[in-house]
Amino acid sequence: MLLSERFTEALTFATQLHAEQIRKGSGVPYVAHLLGVASIALEYGANEDEAIAALLHDAIEDQGGDATRTEIRRRFGDTVTAIVDGCTDADTDPKPPWRQCKEDYIAHIPTASVSVRLVSAADKLHNSRSILKDYRVLGDALWERFKGGKDGTLWYYRSLVTTFSGVEVTPLIEELSRVVSELEQLVASCDAE
């Protein structure tokens, strides 16, 4: 599959939307995450709408709520907007409490479309790989970045794996499961020391 100008436009739009945003505690430009999620989605079979949604998956949540949703719909259509909506934790300000937000997100996975599950799992795989990489360097200091701390973050990613796996087992879900298991094993071995 070749990507069209729509993908290029989405990349430019996502870069502009997230220009002032960096990854938690790392100083890495946020667009690196968006590129990573799009790359993973494409590697696991995403079509162009899904790849565009991967670039924009955090736009509504982090960069403008309903106004951004309207702009995504205008530029990229209903399909992309529906996928981005399905990947959005919360678009209200203030956001609901962290645990409630995560429980609600997990609860919607079984009824989400195949496209939403693909982009969501790509997002969670990129996040879990980043967490694993950073944990190897920072150890327990890493958990200060996350509202859920160590226990909440580990609970969330294990719950995601369990829920995704309950709906379907795909190579993407299997890879997410491997990364989360590796993180859990590393944390357990460090805790045992």
Show the nearest heavy-atom pair for residues [X] and [Y], with the distance to one decimal.
| X | Y | answer |
| --- | --- | --- |
| Ser115 | Glu50 | OG-OE2, 2.6 Å |
| Val119 | Ala54 | CG1-CA, 3.7 Å |
| Leu42 | Ala51 | CD2-CB, 3.7 Å |
| Pro110 | Ala107 | CD-O, 3.3 Å |
| Ser159 | Ile106 | CB-CD1, 3.5 Å |

Carefully, step by step, assess Ile22 and Val28 under the rule side chain to side chain contact (heavy atoms under 4.5 Å, CB included). CA-CA 5 Å; Ile22 59 170; Val28 174; over 6 Å; no
Quick check against the 3.5 Å criterion: does [X] have a side-chain atom that pairs as donor or acceptor with the backbone of [Y]?
| X | Y | value |
| --- | --- | --- |
| Ser165 | Thr162 | no |
| Thr163 | Leu160 | no |
| Thr68 | Gln63 | yes |
| Thr70 | Asp66 | yes |
| Thr81 | Arg73 | yes |
| Arg6 | Glu48 | no |
| Arg23 | His33 | no |

Could you walk me through whether Asp134 and Arg145 satisfy the side chain to side chain contact (heavy atoms under 4.5 Å, CB included) test, starting with their C-alpha distance in whole Å, then the side-chain angles of each, then the deciding distance to 0.1 Å, before giving a yes or no? CA-CA 11 Å; Asp134 290 349; Arg145 295 180 183 174; 2.7 Å; yes
Do [X] and [Y] make a side-chain contact, defined as non-hydrogen atoms from C-beta onward lying under 4.5 Å apart?
| X | Y | answer |
| --- | --- | --- |
| Asp123 | Cys87 | no |
| Leu132 | Val179 | yes |
| Lys147 | Thr153 | no |
| Ser177 | Arg158 | yes |
| Val161 | Tyr156 | no |
| Leu11 | Leu34 | no |
| Glu9 | Ile52 | no |
| Glu175 | Arg129 | yes |

I need the [X] [atom1] to [Y] [atom2] distance, nearest 0.5 Å.
| X | Y | atom1 | atom2 | answer |
| --- | --- | --- | --- | --- |
| Tyr135 | Cys190 | OH | SG | 4.0 Å |
| Leu172 | Ile40 | CG | CD1 | 7.5 Å |
| Ser120 | Ile83 | OG | CD1 | 11.5 Å |
| Ile173 | Leu125 | CD1 | CG | 9.0 Å |
| Leu55 | Ser39 | CG | OG | 10.5 Å |
| Asp62 | Leu56 | CG | CG | 12.0 Å |

Hey, any chance [X] and [Y] share a hydrophobic cluster, counting ILVMFWY side chains that come within less than 4.5 Å of each other, even indirectly?
| X | Y | result |
| --- | --- | --- |
| Leu118 | Val116 | no |
| Val114 | Phe164 | no |
| Leu183 | Leu138 | yes |
| Val169 | Ile109 | no |
| Val187 | Leu176 | yes |

Quick one, Thr88 with Arg69, criterion side chain to side chain donor-acceptor pair (under 3.5 Å). Give me CA distance, side-chain angles, the key distance, then yes/no. CA-CA 11 Å; Thr88 299; Arg69 177 184 292 108; 5.7 Å; no
Can you tell whether the side chains of Glu182 and Arg178 come within less than 4.0 Å, N to carboxylate O? no
Answer yes when Lys150 and Glu144 have at least one side-chain N-carboxylate O distance shorter than 4.0 Å, and no when they do not. no
Could you list the residues that satisfy ring pair (Phe, Tyr, Trp, His ring centres under 6.0 Å) with [X], not counting sequence neighbours?
| X | value |
| --- | --- |
| Tyr44 | none |
| Phe13 | none |
| His18 | Tyr30 |

Examine His57 together with His126 and report whether their ring centres are nearer than 6.0 Å. no
Ring centres under 6.0 angstrom apart (Phe146, Trp98):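 Between Phe146 and Trp98, the centre distance exceeds or equals 6.0 Å.
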Hey, does the Lys NZ or Arg CZ of Lys102 hover above the aromatic six-ring of Tyr157, less than 6.0 Å from the centre and inside 45° of the axis? no
Worked verdict on Val84 versus Phe76 for side chain to side chain contact (heavy atoms under 4.5 Å, CB included): CA-CA 11 Å; Val84 174; Phe76 306 106; over 6 Å; no
